[in-house]
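These notes are about the structure you will find just below.
One is the number of the first residue; the rest follow in order along the sequence. Note that this is a predicted model, so its numbers are computed, not measured.
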Amino acid sequence: MNSATNADELATSLQAHYDEVIDREMVRLAHRTPSLEPADLRTVHSALRELVERLVVARVRESPQFAGHAAALFGVEAPSRLGESVDRSREPARRR
C-alpha cells in the first residue's frame with residue numbers, strides 16, 4: 001500500500017472525526033439559537049463540512065508525507081503503515 005492510499009485512509013478518518021465534531025456543535029448551536037430555521041442550520045452545517053474538506057482533509061490527500069503529523073495534530077489515529085514517527089511528547093492533553 002502506498003503513502004497516497006494511507007493518506008486517503010487518514011483523510012477518511014479525519015472527515016469522520018470532524019463530522020462528529022460538527023454534528024455536536026450543530027446541536028449546541030440549535031439549542032443556543034432557537035431562532036435559526038432548519039434551512040439556516042443546514043447552511044451552517046454544509047459550510048463547516050466544506051471548510052473542513054478544503055482546509056484539512058484535502059490537504060492530507062494532497063500531501064501524504066504530512067499525514068502522520070496531521071494525525072497527531074488533530075488527535076486522529078494514523079494508519080500504522082504511514083511509517084512516520086511522530087513525537088507525541090509535546091501533544092496537549094486531550095479534553096474530555
Side-chain angles (χ1 to χ4, degrees):
M1 207 175 278
N2 63 34
S3 62
T5 301
N6 293 330
D8 285 338
E9 289 175 17
L10 177 59
T12 300
S13 294
L14 283 167
Q15 187 65 61
H17 170 74
Y18 279 105
D19 284 345
E20 291 175 14
V21 171
I22 290 169
D23 289 345
R24 284 193 309 266
E25 291 303 316
M26 292 305 300
V27 168
R28 288 182 59 210
L29 178 62
H31 283 55
R32 292 179 71 192
T33 316
S35 61
L36 288 175
E37 298 290 328
D40 299 327
L41 293 170
R42 284 191 300 274
T43 299
V44 171
H45 186 269
S46 177
L48 290 173
R49 287 210 67 220
E50 184 176 335
L51 185 67
V52 167
E53 174 63 34
R54 285 184 180 185
L55 296 180
V56 179
V57 177
R59 301 290 187 240
V60 168
R61 285 190 181 106
E62 293 168 2
S63 303
Q65 69 272 23
F66 298 116
H69 298 289
L73 179 64
F74 295 108
V76 176
E77 286 296 318
S80 60
R81 296 171 303 276
L82 283 173
E84 292 186 29
S85 65
V86 176
D87 180 6
R88 295 186 185 266
S89 65
R90 292 186 280 158
E91 279 186 23
R94 294 180 93 175
R95 290 180 11 184
R96 295 199 183 251

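Once rounded to the nearest 0.5 Å, the distance linking CD of Glu25 with CZ of Arg28 reads 4.5 Å. To the nearest 0.5 angstrom, Leu51 atom CG is 10.5 Å from Tyr18 atom OH. Distance CG/Leu41 to OG/Ser46: 12.5 Å, rounded to 0.5 Å. Taken to the nearest 0.5 Å, the NE2 atom of His45 stands 11.5 Å off from the OG1 atom of Thr43.
The side-chain contact (heavy atoms from CB on, under 4.5 Å) test with Val60 singles out one residue from Thr12, Leu14, Asp8, and that residue is Leu14. When each of Leu36, Leu29, Thr33 is tested with Val44 by the rule side-chain contact (heavy atoms from CB on, under 4.5 Å), just one qualifies, namely Leu29.
In terms of hydrophobic clustering, with Ile, Leu, Val, Met, Phe, Trp and Tyr side chains grouped at heavy-atom distances under 4.5 Å, Val27 and Leu48 are assigned to different clusters.
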Using salt bridge (charged side-chain N to carboxylate O under 4.0 Å, His left out), reason through Glu53 and Arg61 one step at a time and then give a plain yes or no. CA-CA 10 Å; Glu53 174 63 34; Arg61 285 190 181 106; 3.2 Å; yes
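Residues Asp19 and Gln15 meet the side-chain proximity criterion, which asks for heavy atoms closer than 4.5 Å.
A salt bridge is defined here as a Lys NZ or Arg NE, NH1 or NH2 lying under 4.0 Å from an Asp or Glu carboxylate O, and Arg54 with Glu50 meets this definition.
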